[in-house]
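We count residues from 1, following the sequence as given. Worth knowing before you read on, the calculation uses all heavy atoms, side chains too, and leaves out hydrogens, waters and symmetry mates.
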Amino acid sequence: HACFYVTAYHQAAGDVVQYITTPTGMFFQIREGQKMADAEMLANTMTLTASTGRQMPFLTHDWSHILDLSNGEAWGQHPTFTQVKRAWQEMQDGLQQVSQECRVWNETQRVKFTEMDPAAFECSTS
């Protein structure tokens, strides 16, 4: 479920910048008796948003450099490494299939719905 929420749901729901640019917006805490965030919470939330709100790498891009932890050593031939790379490729193949299904479906629609196409998913690296 966590993967879905940081990719598909986030893609559909969009960003939160509009909710955190005013002290009466959406914050992690508002102290009892207050109707808005204090200056520290406002600054902390805006800093967090700014540091994680930039464009992230696409989930369907090549991530093999992260899977190869061998530095050219024998780990690249290790059975676990091979299994991980195979599982990653199977996931990528599945995402490509779903993406193709989304594109075909959208061709029949007057109003396109592209938010759940895996080709548009960014992968949070924060």
Side-chain angles (χ1 to χ4, degrees):
H1 295 300
C3 289
F4 177 82
Y5 283 110
V6 297
T7 55
Y9 186 73
H10 193 99
Q11 181 72 20
D15 60 56
V16 297
V17 172
Q18 64 271 22
Y19 300 116
I20 59 102
T21 53
T22 174
T24 59
M26 182 176 72
F27 293 93
F28 299 114
Q29 70 180 20
I30 296 177
R31 303 213 184 272
E32 188 174 337
Q34 293 183 338
K35 295 181 180 176
M36 65 179 74
D38 59 25
E40 181 182 7
M41 181 52 61
L42 178 63
N44 287 341
T45 304
M46 291 179 85
T47 301
L48 176 66
T49 303
S51 67
T52 62
R54 63 191 179 280
Q55 185 174 4
M56 296 291 172
F58 286 98
L59 184 61
T60 55
H61 282 185
D62 181 14
W63 290 75
S64 60
H65 62 285
I66 295 174
L67 298 175
D68 186 0
L69 304 175
S70 68
N71 275 343
E73 297 173 13
W75 168 246
Q77 304 304 317
H78 193 278
T80 302
F81 176 74
T82 305
Q83 291 171 350
V84 168
K85 284 191 87 161
R86 187 178 318 118
W88 176 261
Q89 190 56 53
E90 288 174 10
M91 183 187 80
Q92 290 296 312
D93 293 345
L95 290 172
Q96 293 299 327
Q97 180 179 350
V98 170
S99 180
Q100 178 62 27
E101 291 170 7
C102 288
R103 286 192 298 273
V104 168
W105 183 82
N106 267 319
E107 289 174 4
T108 66
Q109 303 304 308
R110 193 173 61 133
V111 176
K112 310 296 185 219
F113 183 73
T114 59
E115 284 75 14
M116 292 298 176
D117 183 344
F121 292 171
E122 294 176 353
C123 184
S124 176
T125 58
S126 54

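Judged by distance alone, the side chains of Asp93 and Gln97 never bring a donor and an acceptor atom under 3.5 Å apart. Side-chain contact of Gln100 with Arg103: a donor-acceptor pair under 3.5 Å is present, judged by distance alone.
Considering CE of Met36 and CE of Met41, their distance stands at 14.5 Å, rounded to 0.5 Å. Atom OG1 of residue Thr45 and atom CD of residue Glu40 lie 10.0 Å apart, to the nearest 0.5 angstrom. For the atom pair CH2 of Trp105 and CE of Met116, the computed distance is 11.5 Å after rounding to the nearest 0.5 Å.
Taking the side chain to side chain donor-acceptor pair (under 3.5 Å) definition, one finds that Gln96 meets it with nothing, sequence neighbours left out.
Dense packing is recorded around CD of Gln109, with more than 12 heavy atoms of other residues, nucleotides or ligands lying under 6.0 Å away.
Taking both residues in full, the closest heavy atoms of Cys102 and Asp117 are given as SG-CA, 3.9 Å, listed atom of the first, atom of the second, then distance. Across all their heavy atoms, Met91 and Leu59 have their closest contact at CE-CD1, 4.5 Å.
Note on Trp63 and Phe121: same hydrophobic cluster, where clusters join Ile, Leu, Val, Met, Phe, Trp and Tyr whose side-chain heavy atoms are under 4.5 Å apart, directly or indirectly.
No donor-acceptor distance shorter than 3.5 angstrom exists from the side chain of Ser99 to the backbone of Leu95, with no hydrogens or angles considered.
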